[in-house]
Visitor: 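Pasting a structure below so you can have a look.
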Amino acid sequence: MLKTSVEDKVDARGDVILDIRDLATHFPMRNATVHAVDGVSLKLRRGKTTCVVGESGSGKSVTARSVLQIVDAPGRIVGGTIALRTGGGEVDIATLHPRSRAIRAIRGRDIAMIFQEPMSSLSPVHTIGNQIIESIRLHEKVTKAEARARAIELLAQVEIREPEKAIDQYTFEFSGGMRQRAMIAMALSCNPQVLIADEPTTALDVTTQAEILDLMRSLQEKHDMAIMFITHDMGVVAEIADDVVVMRHGKVVETGEVNEIFANPRHAYTRRLLESVVKLEQRAEIKRPEAEVLAEQTDPILSVKNVSVVFPLRGPKRKGPARGFRAVNDVSFDLRRGESLGIVGESGSGKTTLGRVLASVLSPSEGGIRFHENGGAGGDVGQLEGEALRNYRRQVRMVFQDPHGSLNPRMTVGQIVAEPLLNNGIARGDALRDRVYDLLEQVGLPAAVAERYPHAFSGGQRQRICIARAIALEPRVVICDEATSALDVSIRSQVLDLLIRLQERLDLSFVFIAHDIGVVRYFCDRVAVMRKGEIVEMGPASQVCDNPQHPYTKALISAVPHPDPTARSMHLRHRYEDAGVS
Amino acid sequence: MLLRYFIRRLLWMIPFLFVVSIVVFALIQAPPGDFLTTYVAKMAESNEGIDQATLERMREQYGLDRSLPVQYWKWISGLAVGDFGQSFEWNQSAWSVIKSRLPLTLVLMLSTFIFAWGVALPIGIYSAVRKYTVGDYVVTFFGFLGLATPNFLLALVVLYLGVRFFGVHMGGLFSDEYEGEPWSLAKVIDLYKHLWIGILVLGTAILASLIRIMRANLLDELSKPYVTTARAKGMAEWKLILKYPVRIALNPFISIIGIYFPALISGAVVTAVVLGYPTLGPLMLQSLLAQDMHLAGGILMIMCSLTVVGMLISDILLALLDPRVRYD
């Protein structure tokens, strides 16, 4: 398919439906003004998808919200124009008051928006139907019955099964994918000409993401909509974009046609962004070759035998034998010394529960774990008590997903890192201080940060602090539960490289829980794929990622979008039990 | 579904009230002595001797010579069929004493309740939506002032102002001409002419905390993504605030009904004394001092029942309001 670049299209005015020029949105704070969007220009074309990419803090979301004048206080559009060219002529949205009738008429009718969190973006106490009907009746004079009929039709359009029933259901009765479908149905209720999607698939599993992207594409063709798709995922960009806008620090660094951007990125930042994405497509260069690690056949440090975790079901119907939800079902594997074992799976697969069992936060309902501390047969972790249990917990540490939530905001970085050392009576006084400085240095932070509080640091730096805390007691095993999921892609590889170096230096074994195949391929030697509490496939990382055997793994891997727009493959993906229809 | 829930909750009240009755009985018996020892002491104060034989007769008559379990059993088996027993001090059935005061107590309580919730709701919404504005600071200031001022002090001040500037005594519940008259519209109006002071005094005490609860809840909700979604649909600002975040922020505001219900009765004792209200509060205090076992026990049981009913009402309101509660 031949495409001309955006610049060439400028003259074809009929094609451009939204024309943003020199947009500036500022947040006046007490001490300074944050220039969240600082002179952004971009165009949306009818029937085309424009992807706005950038890392956190690049201003992509604020740009999207500025278009609808729904920037959170105290943010305000301070300059530029947002020309909306509809059949009725041209309106400059930037000049409209955020509370005015004129902008309210545009919201939802001409420009609709969908958001990242399908969970919290819909009201939990109103039915789906109520919320869709409302948005129809806001803009069109139709009776409730007519609006309801249309809402059912919309739900059918977004492929929700039994729309007549779904319309009277609440969001908490829907899965994440269903909610996002309902959200899209709501956005499409008045046939908008522009759809703004702010990271609409980021919170979803890859197979669900693929379904939603499919849906958006087919609806776009049907309605000839312009889509502004905000994302940080270059894979998604490559899969769906016509035009790409790369943003950084509130400014557009590069604009162009998708193949052009991927093939010949002109700006250094775009190149760097693509490099860090491509880097995560293969095994880390600084790691020893996979075959070498696997050939070593080191002794296991943890043996997991037939572990199951059953959560008892609540509710009034508790007749008959005790039933429960099997979060983890008969899982067995060995974690060898010095290896990185990846555990991948979609939400609800039981991977986090398994991680918590390994960390002895949760006891397995069946089966057991043996910890071979000194190479011997090792004891059953479930039987450990007192000092032995404390020892186990010193040897097996965790790093969590959310670096914001897992650091106490009222403790300094130094206190946070020192805490495990103090709790276990390892060091005090000057020795403690030196140890903390040493740990911070090991994770690439200057000793001076010890005096500061977590809020002063970026996500990547905070995750380094979490890692410093995890290795403070010189553990043998570190369990990383989605430890890099909340980080930007360029930071992600840095943190992974840090973990790899620490592994070499400290003879660590990692259990790396992730939903992202990319980071697992980059970081792990072996991979276990989990589905509904069971391990469906396990093997060397290269084999599982590149030549999966189990149909579920095939479906999972093929739903991952690759950062290559010339080889769009998502529509060719494998499907497993129609797992994606959610 | 809701009906079954309702019935189940009602049935749960029975064992709960049974346990409460034991606690109540034990508490009343806890101080040394009984009604008669208090009675004798009182008599002695006024130099009226009482001979041992009369005392024994009274002790037998009131059943105070029996063991505690027997006394309890007599009381609780009476309660089960609606017999509250005899009030020693009033020399009539405890229920008839309570009955004379219960309606007005309920009227005062419910009026205060409606006043406090009705005023706190809009103010709470206002001060959340306009947070850190002058208006927010002003209502917050007066709210806290009301919270910090002791009720009886406020009552005294209001009474003083009434006498000083209007030359009327605003205590009591009725003007002299309506005292003892049959009920009529005019009498109801007259009642509220007096009652508003009590409502105001009792209401201001809880107003501030209610406003803060509503404000804090709503502030949490206002920044939720579903509010942005509603805004992006093109809804008018006030309309969407009332439909979405306010609706969800109401939950804690309603669940606190159950907590304030009993506080409104028992907490009103001092205020009722100051204002001269013939409500249950002062009566309970008096009966406890006199160790008038059946009367005190009866009042406490009624209060506990009201608490349970308050909780039930708030739970049912919650279930009606929030489908997540219903489906749980």
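Computation of the quantities below employed the complete heavy-atom set of this structure, encompassing side-chain atoms and omitting hydrogens, waters and symmetry-equivalent molecules. Letters A, B, ... are given to chains in the order of the sequence lines, protein chains preceding strands, and every chain is numbered from 1.
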Visitor: Between A:Ser120, A:Ala112, A:Gly108, which has the largest tally of heavy atom pairs under 4.5 Å with chain B?
Guide: A:Ser120
Visitor: State yes or no: are the ring centers of A:His126 and B:Tyr244 separated by less than 6.0 Å?
Guide: yes
Visitor: With a 4.5 angstrom heavy-atom cut-off, is it the side chain or the backbone of A:Met186 that approaches chain B, or both, or neither?
Guide: side chain
Visitor: Which pair of non-hydrogen atoms, one from A:Ser121 and one from B:Thr229, has the smallest distance, and what is that distance?
Guide: O-OG1, 2.7 Å
Visitor: If every non-hydrogen atom of B:Gly297 is compared with every non-hydrogen atom of B:Val24, which pair is closest and at what distance?
Guide: CA-CG1, 3.9 Å
Visitor: Side chain, backbone, both or neither: which part of A:Gln69 has a heavy atom under 4.5 Å from chain B?
Guide: neither
Visitor: Where on A:Arg101 is there a heavy atom nearer than 4.5 Å to chain B: the side chain, the backbone, both, or neither?
Guide: neither
Visitor: Counting only heavy atoms closer than 4.5 Å, note whether B:Ala230 contacts chain A via side chain, backbone, both or neither.
Guide: neither
Visitor: Which heavy-atom pair separates B:Tyr72 from B:Phe18 by the least distance, and what is that distance?
Guide: OH-CE1, 3.7 Å
Visitor: Do you know the tightest heavy-atom contact between A:Leu204 and A:Gly177?
Guide: CD2-N, 4.1 Å
Visitor: Counting only non-hydrogen atoms closer than 4.5 Å, does B:Arg247 touch chain A with its backbone (N, CA, C, O), its side chain (CB onward), both, or neither?
Guide: side chain
